[in-house]
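The structure under discussion appears below in the form of structure tokens.
Quick note: residue numbers are just sequence positions, from 1.
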Amino acid sequence: MKVLLTGAAGFIGRHIHEAATAAGHEVTGVDLMLPQAHGTTAEAPAGVMHGDIRDPHLLDELLADVDVVCHQAATVGNGVDAQDLPGYAAHNDLGTATLLAAMARTQTTRLVLASSMVVYGEGRYTCPVDGDVPPAPREDRRLRLGRFDPLCPRCGGEVEPHLIGEESPFAPRTAYAASKIAQENYAAAWCTLESGRAIALRYHNAYGPGMPADTPYSGVAAIFRSALEHGEPPQVFEDGNQLRDFVHVTDLARANVAAIDAVGDHPLGVSAYNICSGQTYTIGDMARRLATVMNGPAPVINGRYRSFDVRHVAASPQAAADGLGFEARIGPDEGIAELATAPLRHR
């Protein structure tokens, strides 16, 4: 199939380009090459056009005879300040809306969308009294005392985190999260208006070769590795017991190829899937694993916190297995060990 891949020069986009091409698809890549992500002198890699998907005329040219759009282009990172909101809206919201309008003009009716687990905000919890509940907001007085786990919003009692499914409600905590929800909502509206089919892949914590090392988009894994390379212990916030699911970038690429192949057989509308390893891991586990493999100093659990941080979020991989035939192949123990020596992308 002919695939238009947006954000093709990015960390995940490059891996998708390679995997989709290897699977026999004809891939056209486009990327804005934002300086925040790529630096001011970087050029688009071979096979990727330097272009802005907010340009409707460019899109009309790129979408000619395209079968599927794989939309990865986005400003990423947290966006934890209200002043960040316009920037995320200008790129993620407007870029997606412009792309979908062009797809309507060119009668391109299949979309694979990069979404994120950040749409959920905090994970879901089980209260022995009230059952499945969202967490109550964490209070600063408890955080100062080192009591980082949230309480039940109804009875105020202790709760235990559990895996979330795709039916979990949206609860954005950052500008990035709000923009990802907007992208899914724009896609849903486009599906209704244009009889389109879309698959939204809600990525969990991506890591692996080629991840950014020195940008605002660097993940915690790259930050920990950088500290160890300088002979410094990784600094772990809170108590290090924050639950996450770390998914290797090559698995994310495989999930996108599976979605490209499957979207035409999906029902009209947006079908969402959590894309994760299926193995929960703590932030402290990751820091310790990297420190061991790199023979570096042990992590420091510093107790610092940020009120907007998510305490626990991890997902069930079952829907992706059932709907896409996707299962991750690389577990966190193996993948994080590989990350110790994997090439990273420097600006």
note = Sorted by chain and number, sequence neighbours left out, ring-ring contact (aromatic ring centres under 6.0 Å, His included) with H50 holds for none
query = Would N256 and Q72 count as having a side-chain donor-acceptor pair, cut-off 3.5 Å?
reply = yes
query = Checking salt bridge (charged side-chain N to carboxylate O under 4.0 Å, His left out) for the pair R147/D239: CA distance, chi angles, key distance, verdict?
reply = CA-CA 9 Å; R147 298 175 181 174; D239 57 5; over 6 Å; no
query = Would you call R14 and E18 a salt bridge, using N to O less than 4.0 angstrom?
reply = no
message = If we count only N and O atoms by modelled type, under 3.5 Å, do the side chains of E160 and T126 hold a donor and an acceptor together?
response = no
request  = Would you please classify the geometry between the Y88 ring and the Y176 ring as parallel, tilted or perpendicular, with 30° and 60° separating the classes?
outcome  = tilted
query = Just how far is it from atom OG1 of T98 to atom CZ of R54, taken to the nearest 0.5 Å?
reply = 8.0 Å
ask   = Is the H204 ring parallel, tilted or perpendicular to the Y120 ring (thresholds 30°, 60°)?
value = tilted
key: Test item: side-chain donor near acceptor, S277 and D245, under 3.5 Å   = yes
key: E334/R289 ion pair, N-O < 4.0 Å   = no
task = Could you tell me how the ring of H312 sits relative to the ring of Y125: parallel (under 30°), tilted (30 to 60°) or perpendicular (over 60°)?
result = tilted
query = L344 and R225: side-chain contact (heavy atoms from CB on, under 4.5 Å), yes or no, with the steps?
reply = CA-CA 10 Å; L344 303 186; R225 178 178 136 167; 3.7 Å; yes
task = For the pair Y305 and F148, name the ring-plane relationship: parallel under 30°, tilted 30 to 60°, perpendicular over 60°.
result = tilted
inquiry  = Quiz question: by atom type and distance under 3.5 Å, do the side chains of T250 and H15 form a donor-acceptor pair?
reply    = no
task = Check whether V119 and W190 end up in the same hydrophobic cluster, where Ile, Leu, Val, Met, Phe, Trp and Tyr are linked by side-chain heavy atoms less than 4.5 Å apart.
result = no
query = Got a salt bridge between R329 and D251, using NZ or NE/NH1/NH2 to carboxylate O under 4.0 Å?
reply = no
request  = List the atom of C70, the atom of I16, and the distance in Å for their closest heavy-atom pair.
outcome  = SG-CG2, 4.2 Å
inquiry  = If only side-chain N and O atoms count, and only distance matters, is there a donor-acceptor pair under 3.5 Å linking S271 with H266?
reply    = no
query = Going by heavy atoms in the side chains, are L62 and T28 under 4.5 Å from each other?
reply = yes
